[in-house]
Each structure stands twice: as C-alpha cells, then as structure tokens.
Amino acid sequence: MIKRNKGLANLTAGYLFPEIGRRRREFAAAHPEAKIISLGIGNTTEPVTPHIDAGLIEGARRLGTLAGYSGYGDEQGLTELRERIAAVFYDGKMAADEVFVSDGAKCDIGRLQLLFGSSVEVAVQDPSYPVYVDGSVLIGAGGAWQGTGYAGIRYLPCTAANDYFPDLDLLPTDGLVYFCSPNNPTGAVADRAQLTALVEAARKRGTVIVFDAAYAEYIRDPALPKSIFEIPGARECAIEVNSFSKPIGFTGVRLGWTVVPKELKYATGETVWADWNRICTTVFNGASNVAQYGGLASLEAAGLKEMRDLTDFYLGNAALIGAALGTLGIACIGGANAPYLWAHFPGEASWDVFARILEKCHVVTTPGSGFGPAGEGFIRFSAFGHRTDVEEACRRLVENLR
Ligand code: PL4
C-alpha cells in the first residue's frame, strides 16, 4: 500500500484554529442558551468598505464583458498591482518584479518551504503563528514531536524577560528564521534597533529571515518599522510575506503578496528570486483577478483612507479589551500597534483559562500554549469583532472574572 508522508505522521495534534472551533461548537451544543462571542480566531468582521467594494464589483463587472474579460493571468499578479504595492508599501525601494501577488500570506508561507526543502534548520519565535512550525513539519524539516516541541525546530523564547525579542545567539547557521512583527500572538512590535540586530545576525550566519508583516498596517507609532526592507542589509537576507486580509478585511476574498529581493542568494550563487518565480508559475495559478481589482482600489487615496479607518476601528476594540483586562488587574501587552492582546494568567494552563473564560463569560479566546511552549499560561485576545460584541464581551469579562 502507499506510504503516508512522514511529515504528516509527525504532526502531533490538529491545527490550532479548527480545534478552537470544535471546542466552541461542543460548548454551544451543551449550552444552547449561551450567546457566545468570539475574541478567538483573528477573523475580520466588518463589511468591505465602499471604495474597495466598488473595486471588487468593477472587477466582476468587467468579466461579464467581451472587452474586459480575462482568463488566467500572470501567476505573479497584475503588473499594475505589483507596481502599486512596490510604491505604496515599499516607497519604491523594492522593484515591482520583486513583488509576487498571492492568494494570502498563509498560502505563501506554505509554498515558501519548497525553496529550502526538508533539510533546512528552522527557527521560530516562541510563541508564534502555528503555520511556521506545522508547515515545516509537513515538509519534513520539523522532525518528530518531543514532548513540548519538534526536534527539528529551534524555539526562540520571546517573553517579558527579553522584551519579547529573541536571543539572536540562538539563530541557526545557514538556516531559516520566521519572524513576525507586529507579532501574532503577543502584539509586540520589534523596533528599528532590534530589527537591525536581527538582520546583522542573519547575514553573519547565512540565515534567511521570512518576515511576516501581515499586521504592519496596525502600526501607529511612526518610529516602528513596517517592513524588514526598511533595514539596511535586508535585501541580502530576507523575504517578506504580507496580506490584504487584516488591513482591508480580505480574509475571505484572499489576497496577499510576497517580496523576494534579487540580491538574496543560495550558497551556490543562484537567486532565490528565480526559484520563487519558478514555484509560483508551477504550483500556483495567480490570485483571483476580481480580488486583485479590489486590492488595486485599496491602494488609491480613497482606499488607503478606508484602510486606515478600518484598522483604527479594530485598534479601538483592542483599547476596550486592554481597559477591561486592566480593570481586572490582568497583566497584558499588545493592542497599541497590533490587533492582539497577550494576557498573563500565571500558574494556570492556557487551555484551562480558555475553558474558564468560555464557561463563565461565554467568550472564546485563543490559548497561548497553542502558539508554542512559551505561550503556556497566556491567553490571546483578538480585537476583531463588532463593536457591540466587544463591549458586551468586556462587560462579561469584568463581571465574571473578578
Ligand atoms: C485562522 C501572522 C489569524 N484560518 O489571510 P492570510 O492567509 O493572508 O494571512 C494569514 C496569517 C498570516 N500571518 C499571520 C497571521 O496571524 C495570519 C492569520 N492568523 C489568527 O487568528 O492567528 C487567523 C487564523 C486562519 C489561519 O489559519 O490562518
């Protein structure tokens, strides 16, 4: 009989977010009267804003006309969109052909593993978005489960003790490090000095940084970098993944991009850019053309204003959650330049706190341990929700967790 992919066999548990959905459904079935509010999965809730929606509608309308119809497009994305992304998010510092439009950051994180194969040593911030670890395990680079983590993954603890920035002496040599800022799940944002140190360390060790900037548009402090490519030397050692999901509510529409600079090379001298182009043209057929017209509209002046207003709205939710946790005396970080808050429940297991909040408040959260061993004892609160739901969730937290 056919053999199972060893990477799949190595995965110990189900993917975190479906597990949260399963526990929520189980609770709802047992308590049909409960009006459950989710501050769990980071899923956008507000309607697509008018100018951007008009871009989507116009994209769909064109497809119904002889002159405007288009079939398969370039796998790398519409030239106009690549140019706009390069201009708006990278100030023209990255060339349009270094921008590869995708169907989302998560999908690109999965495909990126093909560049480096199963023998690369992988490091992740601990805690981190689970796709970095699970994707590495799937491709065979993660190794076997060893109690609290995978043998082939280097977990770089990011805790209050190190200001949520890893010890760079732990970076692998000639390996891969996933780095997310603003961070999911902690909401911590690396400053310029920290990212400069990261780039210097990566270059010294021949390690590639996969920088996940999916929440960059939530940064309000102008001193904080939104892209790794603001840091000198990053062109030689970094790839950036990004997304339209959280800035404009395209979680369901599906649109993102990855930037691969042409200076990034393998030990053998070939460019990573050429291989990424090969992978994209081989196992990807391009993002939806309708989605790309929506993306283009978001990068016009009216769209950028809507993006700012929408991210302000979710940051307003984050402020409410932060205030509620403050009233309860629960220590937390994040929420100021990120849509997540990371709350500490010392001495308690994350899944136990998750269950307590669900039972007492009928509020779904995400257990910190699902993001890595250093997440044990923490709970992530997501700021994605309708304002009335967030207000009600905060009221319940304050009343029932005292
Ligand atoms: C649940 C750091 C959320 N089913 O929408 P994409 O693919 O462009 O971006 C996904 C993504 C990429 N990078 C980071 C992220 O946090 C996310 C989305 N994460 C969360 O609650 O942590 C949604 C999770 C979704 C998933 O598995 O991604």
Side-chain angles (χ1 to χ4, degrees), residues 13-49 106 127 129-130 184-187 245-246 249-253 310-335 338-371 375-402:
Y15 183 55
L16 173 65
F17 296 107
E19 176 60 19
I20 290 169
R22 191 189 67 74
R23 293 193 190 208
R24 175 191 171 140
R25 283 191 299 279
E26 205 174 78
F27 183 83
H31 303 87
E33 76 296 344
K35 288 197 168 50
I36 299 173
I37 297 173
S38 177
L39 302 181
I41 297 172
N43 199 0
T44 47
T45 54
E46 303 311 292
V48 173
T49 49
K106 179 180 178 179
Y129 179 45
N184 175 17
T186 65
S245 286
K246 306 298 160 66
F250 269 24
T251 41
V253 175
L310 185 68
T311 48
D312 272 345
F313 171 83
Y314 290 124
L315 286 170
N317 284 347
L320 292 175
I321 299 166
L325 294 173
T327 304
L328 289 163
I330 296 171
C332 76
I333 67 152
Y340 297 119
L341 294 101
W342 188 238
H344 198 191
F345 293 81
E348 286 189 82
S350 299
W351 278 111
D352 291 347
V353 185
F354 168 89
R356 181 156 63 91
I357 297 175
L358 186 54
E359 274 156 28
K360 288 191 156 190
C361 310
H362 300 170
V363 170
V364 177
T365 56
T366 306
S369 56
F371 297 99
E376 189 56 278
F378 286 83
I379 286 287
R380 187 193 76 172
F381 289 87
S382 154
F384 296 104
H386 302 309
R387 181 58 53 85
T388 48
D389 286 346
V390 171
E391 285 169 346
E392 171 63 13
C394 289
R395 193 188 57 71
R396 290 185 201 168
L397 291 172
V398 170
E399 275 180 17
N400 301 309
L401 286 189
R402 269 188 201 282

Can I get a per-line list of side-chain donor-acceptor pairs under 3.5 Å for residues 379-388, giving both atom names and the distance, sequence neighbours left out?
{"residue": "Arg380", "atom": "NH1", "partner": "Asn184", "partner atom": "OD1", "Å": "2.7"}
{"residue": "Arg380", "atom": "NH2", "partner": "Gly40", "partner atom": "O", "Å": "2.9"}
{"residue": "Ser382", "atom": "OG", "partner": "Phe384", "partner atom": "N", "Å": "3.1"}
{"residue": "His386", "atom": "ND1", "partner": "Glu46", "partner atom": "OE2", "Å": "2.8"}
{"residue": "Arg387", "atom": "NE", "partner": "Asn317", "partner atom": "OD1", "Å": "2.6"}
{"residue": "Arg387", "atom": "NH2", "partner": "Phe313", "partner atom": "O", "Å": "2.9"}
{"residue": "Arg387", "atom": "NH2", "partner": "Asn317", "partner atom": "OD1", "Å": "3.4"}

Would you give me the side-chain donor-acceptor pairs under 3.5 Å for residues 393-402, sequence neighbours excluded?
{"residue": "Arg395", "atom": "NE", "partner": "Glu392", "partner atom": "OE1", "Å": "3.1"}
{"residue": "Arg395", "atom": "NH1", "partner": "Glu399", "partner atom": "OE1", "Å": "3.2"}
{"residue": "Arg395", "atom": "NH1", "partner": "Glu399", "partner atom": "OE2", "Å": "3.0"}
{"residue": "Arg395", "atom": "NH2", "partner": "Glu392", "partner atom": "OE1", "Å": "3.1"}
{"residue": "Arg395", "atom": "NH2", "partner": "Glu392", "partner atom": "OE2", "Å": "2.7"}
{"residue": "Arg396", "atom": "NE", "partner": "Glu392", "partner atom": "OE2", "Å": "2.9"}
{"residue": "Arg396", "atom": "NH1", "partner": "Lys35", "partner atom": "O", "Å": "2.9"}
{"residue": "Arg396", "atom": "NH1", "partner": "Cys361", "partner atom": "O", "Å": "3.0"}
{"residue": "Arg396", "atom": "NH1", "partner": "His362", "partner atom": "O", "Å": "3.3"}
{"residue": "Arg396", "atom": "NH2", "partner": "Lys35", "partner atom": "O", "Å": "3.0"}
{"residue": "Asn400", "atom": "ND2", "partner": "Lys360", "partner atom": "O", "Å": "3.4"}
{"residue": "Asn400", "atom": "ND2", "partner": "Arg396", "partner atom": "O", "Å": "3.0"}
{"residue": "Arg402", "atom": "NE", "partner": "Val398", "partner atom": "O", "Å": "3.4"}

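Under the rule for a ring-ring contact (aromatic ring centres under 6.0 Å, His included), Phe371 has no partner lying at least two apart in sequence or in another chain.
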*Can you list the steps and then say if Arg356 with Phe345 is a side-chain contact (heavy atoms from CB on, under 4.5 Å)?*
CA-CA 12 Å; Arg356 181 156 63 91; Phe345 293 81; 3.9 Å; yes
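The two residues Gly375 and Ser350 come nearest to each other via the heavy atoms O-OG, 3.3 Å. The minimum heavy-atom distance between Trp342 and Gly368, with the atom names listed, is CH2-CA, 3.4 Å. Of all the heavy atoms in Leu315 and Ala338, the pair that sits closest is CD2-O, 3.6 Å. Between Leu325 and Cys332, the shortest heavy-atom distance links the atoms CD1-SG, 3.9 Å.
When side chains are defined from C-beta on, Thr44 does not count as touching Ser245, because their heavy atoms never get closer than 4.5 Å. In this structure, the side chains of Val48 and Phe250 come closer than 4.5 Å at one or more pairs of heavy atoms.
In this structure, Thr365 OG1 and Ile357 CD1 are separated by 4.5 Å, a value rounded to the nearest 0.5 Å. Considering CZ of Arg25 and CD1 of Ile36, their distance stands at 11.0 Å, rounded to 0.5 Å. To the nearest 0.5 Å, atom CG of residue Leu16 and atom OH of residue Tyr129 are 10.0 Å apart. Of the inter-residue distances, the one linking Arg23 atom CZ with Trp351 atom CH2 reads 4.0 Å to the nearest 0.5 angstrom. Distance CG/Leu310 to OG1/Thr49: 6.5 Å, rounded to 0.5 Å.
Using bins of under 30°, 30° to 60° and over 60° for the plane-to-plane angle, the ring pair Phe27/His31 lands in the parallel bin.
Ionic pairing of Arg22 and Glu19 is present here: one or more N-O contacts between side-chain nitrogen and carboxylate oxygen are shorter than 4.0 angstrom.
With Ser38 as reference, Val364 is the one residue of Val364, Ile20, Asp389, Thr366 to meet the side chain to side chain contact (heavy atoms under 4.5 Å, CB included) rule.
In this structure a side-chain-to-backbone donor-acceptor pair under 3.5 Å is missing from Glu376 to Ala349.
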